[in-house]
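Okay, so here's the structure we're looking at.
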Amino acid sequence: MKYPALRNYVAGEFVADTQTAALDVFSPLTGAVISTVPLSGTAALDAAVAAAKAAFPAWSGTPIKERVQIFYRYKTLLERDMKALADLVREENGKTLDEARAEVEKAIELTEFACSMPQLIQGEFLEVSKGVEARAERKPLGVVASIAPFNFPNMVPHWTIPNALVLGNTMILKPSEQVPLSAVKIAELLREAGLPDGVLNVVHGDKQIVEAICDHPDIQAVSFVGSTKIAKVVYIRATGNLKRCVALGGAKNHLMVLPDAHPDMTASNVAASMSGCAGQRCMAGSTMVGVGPVDSIVAKIVEEARKIVPGQNLGSVISKEAKERIEQHITEAEAAGAKVLLDGRNAVVPGHEEGYYVGPTVIDYVTSDMRIAQEEVFGPVLAIMRTNTLDEALAIENANPYGNAAAVFTQSGSMARYVMDNASAGMIGVNIGVPVPREPFSFGGWNESKFGACDITGKSSIEFWTQLKKTTTKWNPESRVNWMS
């Protein structure tokens, strides 16, 4: 193995879990085992929560201006170790090096936003009556948990760690057991930056540890990112135990292309949206809805997609099982009558024959009754549907149960506004295939793409990670002016 067996990170130390089984960690680039990860149980979680609970009083009592200094130093360390962090993401997740680097750059931006928190949570103060003052302040919740997915092993933990910790909470991070290496590096760099022991703890595991997090009485809030099926379960279980929870699920994002769309810009954006990160992102444009005569644009999309080559500018998917599932979607769509314009099945990268690669795939004339039109494929596959009007396209978009993102490609401001007003999604793009908001705007979808109040990043996350304390004071007993005082 290239890396030693992984250990949990508790109270500032890496602790071996010898009481549980271990799982092999594969690099999807080559199919080789690169490490092992413990499938920890409730005892490991109990130890991590106890460490976080013990660290909470001192950490929450530290002024936010001092807490944030640690994250200024941490941001510098992320920049210093950019290459090593990107290499790690590439090796455990399968991204291209450019994509892995972009992921770390986004983590840096998220950390930078957290450093602005002292300016964002100054609280409110008002003299509400003669001699009577009222104030409202944001206070941390206590011990919180973040459950991260496989597709962004560095970025998604940064959706939660910087904001939650700067705001005074202590945290348990549960990374995906498929990509646990980046979480270990994050913990090491935060320790180097000066984060006190116990403020961040990392516990590895699978379904059992997720259930234990939802059930643990000392964990006050849970964030989750993953499939909609599991997001629902996590949300119901966590809130059933009276915790706060925001659980982000899957997506079926629709890119509506009108005949007046700029051909080159549309083609490059649609191709990049469906294939970036091998299509393994909840913002991928997995379905294009062509409105009217768009054959020339479809031809350009296929031309752009042909430039995307596995092992060069297209990374691998996460596992052999994922590759088989994605290719089965393509096969079923073809059998149901769809036309495969570009076929990515059976992709092989010379020198990495055991890697898990699917080539870019474009499928035309998909209909709404096909499985590929209904389910999240999570691979570099674009399903094209056809309509005559924009209202028909919006009806398709509105009918899908998800609501993460939608986009429209047009040169008409009125048509763009119509989609912005009527698409049922939390994030909208106009001539942008991946409409991810940048800080301070928050990330989060609608419908079955998100369960719970508040978004997971940006200003909206402040509401999730804190609670309001309201204080009313009076120091002048001689004043009695009205009922308020």
Side-chain angles (χ1 to χ4, degrees), residues 1-9 14 22-39 77-108 110 148-159 161 173-190 192 202 204-206 225-226 275-281 284 308-323 326 347-359 378-380:
M1 295 187 302
K2 183 173 180 178
Y3 301 96
L6 297 180
R7 296 173 292 170
N8 294 325
Y9 181 71
F14 287 98
L23 185 72
D24 287 338
V25 178
F26 294 87
S27 171
L29 297 173
T30 63
V33 175
I34 56 175
S35 185
T36 61
V37 61
L39 299 180
L77 297 178
L78 290 175
E79 293 166 338
R80 182 197 70 186
D81 289 357
M82 165 73 76
K83 184 180 186 306
L85 291 164
D87 286 343
L88 200 57
V89 168
R90 172 168 166 72
E91 190 158 26
E92 67 176 341
N93 173 269
K95 284 182 167 70
T96 68
L97 192 54
D98 285 346
E99 289 169 343
R101 185 179 179 87
E103 178 174 342
V104 180
E105 287 174 343
K106 180 61 180 179
I108 292 169
L110 290 158
F150 76 82
N151 57 334
F152 287 92
N154 189 288
M155 183 192 75
V156 169
H158 286 90
W159 278 0
I161 292 172
L173 171 65
K174 205 299 277 187
S176 166
E177 62 273 24
Q178 293 179 289
V179 292
L181 296 166
S182 290
V184 171
K185 186 64 174 176
I186 290 168
E188 290 175 346
L189 291 181
L190 279 167
E192 184 180 348
V202 180
H204 299 288
D206 56 8
V225 181
S275 65
C277 301
Q280 297 177 128
R281 54 185 177 186
I308 301 166
V309 181
Q312 296 181 20
N313 55 353
L314 178 65
S316 64
V317 297
I318 190 63
S319 65
K320 181 181 179 182
E321 293 75 18
K323 173 181 168 68
I326 294 163
V348 176
V349 174
H352 294 272
E353 287 81 5
E354 300 303 315
Y356 314 131
Y357 292 91
V358 179
F378 229 55

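Leu23 CG to Thr36 OG1: the interatomic distance, rounded to the nearest 0.5 Å, is 8.5 Å. Note that CG of Asn8 and NZ of Lys174 are 11.0 Å apart. Values are rounded to the nearest 0.5 Å. Of the inter-residue distances, the one linking Leu181 atom CG with Asn93 atom CG reads 11.0 Å to the nearest 0.5 angstrom. Going from atom CG of Leu190 over to atom CG of Leu77 covers 8.5 Å, rounded to the nearest 0.5 Å. A distance of 8.0 Å separates CD of Glu99 from CZ of Phe152, quoted to the nearest 0.5 Å. Expressed to the nearest 0.5 Å, how far CE of Met155 lies from CD1 of Ile108 amounts to 13.5 Å.
Of all heavy-atom pairs between Ser319 and Ala322, the closest is OG-N, 3.0 Å. Closest approach of Glu91 and Leu29 over heavy atoms only: CA-CD1, 4.1 Å. The shortest heavy-atom contact between Val37 and Glu177 is CG1-O, 3.7 Å. Ala278 and Gly315 get closest at one heavy-atom pair: CB-O, 3.8 Å. Across all their heavy atoms, Ser182 and Pro153 have their closest contact at CB-O, 3.6 Å. For the residue pair Pro310 and Gly359, the shortest heavy atom distance occurs at CG-CA, 3.7 Å.
With sequence neighbours excluded, the residues forming a side-chain contact (heavy atoms from CB on, under 4.5 Å) with Ala284 are Arg281, listed by chain and number. Legend: residues meeting ring-ring contact (aromatic ring centres under 6.0 Å, His included) with His158, ordered by chain and number and at least two apart, are Tyr74. Remark: Val348 pairs with Glu353 by the side-chain contact (heavy atoms from CB on, under 4.5 Å) rule, at least two apart or across chains.
Between the side chain of Lys323 and the backbone N or O of Val358 there is no donor-acceptor pair closer than 3.5 Å. Between the Ser275 side chain and the Pro380 main chain, no donor and acceptor come within less than 3.5 Å of each other. In this structure a side-chain-to-backbone donor-acceptor pair under 3.5 Å is missing from Gln178 to Ile318. Judged by distance alone, the side chain of Gln280 and the main-chain N or O of Asn151 form no donor-acceptor pair under 3.5 Å. At distances below 3.5 Å, at least one donor-acceptor pair connects side-chain atoms of Glu103 with backbone N or O atoms of Asn154. A donor-acceptor pair under 3.5 Å links the side-chain atoms of Ser35 to the main chain of Pro4, judged by distance alone.
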Full working for side-chain contact (heavy atoms from CB on, under 4.5 Å) between Val202 and Ile186: CA-CA 10 Å; Val202 180; Ile186 290 168; over 6 Å; no
Go through it in stages, so that I can follow the logic: the residues are Asp81 and Leu189, the test is side-chain contact (heavy atoms from CB on, under 4.5 Å), and I'd like the CA-CA distance, side-chain angles, deciding distance and then a yes or no. CA-CA 9 Å; Asp81 289 357; Leu189 291 181; 3.3 Å; yes
So Phe378 and Ile326, side-chain contact (heavy atoms from CB on, under 4.5 Å) or not? Walk me through it. CA-CA 7 Å; Phe378 229 55; Ile326 294 163; 5.7 Å; no
side-chain contact (heavy atoms from CB on, under 4.5 Å) between Val184 and Tyr3: does it pass, once the steps are laid out? CA-CA 11 Å; Val184 171; Tyr3 301 96; over 6 Å; no
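Between Arg90 and Arg101 there is no side-chain heavy-atom pair separated by less than 4.5 Å. Side-chain contact between Leu97 and Asp87 is present, with heavy atoms from C-beta onward closer than 4.5 Å. Residues Pro175 and His204 form a side-chain contact, since some pair of their non-hydrogen atoms from C-beta on lies under 4.5 Å apart.
Other residues, nucleotides and ligands place no more than 12 heavy atoms under 6.0 Å from the CD atom of Glu354.
Ionic pairing of Lys185 and Glu92 is not present here: no N-O contact between side-chain nitrogen and carboxylate oxygen is shorter than 4.0 angstrom.
The aromatic rings of His352 and Tyr357 lie perpendicular to each other, with more than 60° between the two planes, well past the 30° mark.
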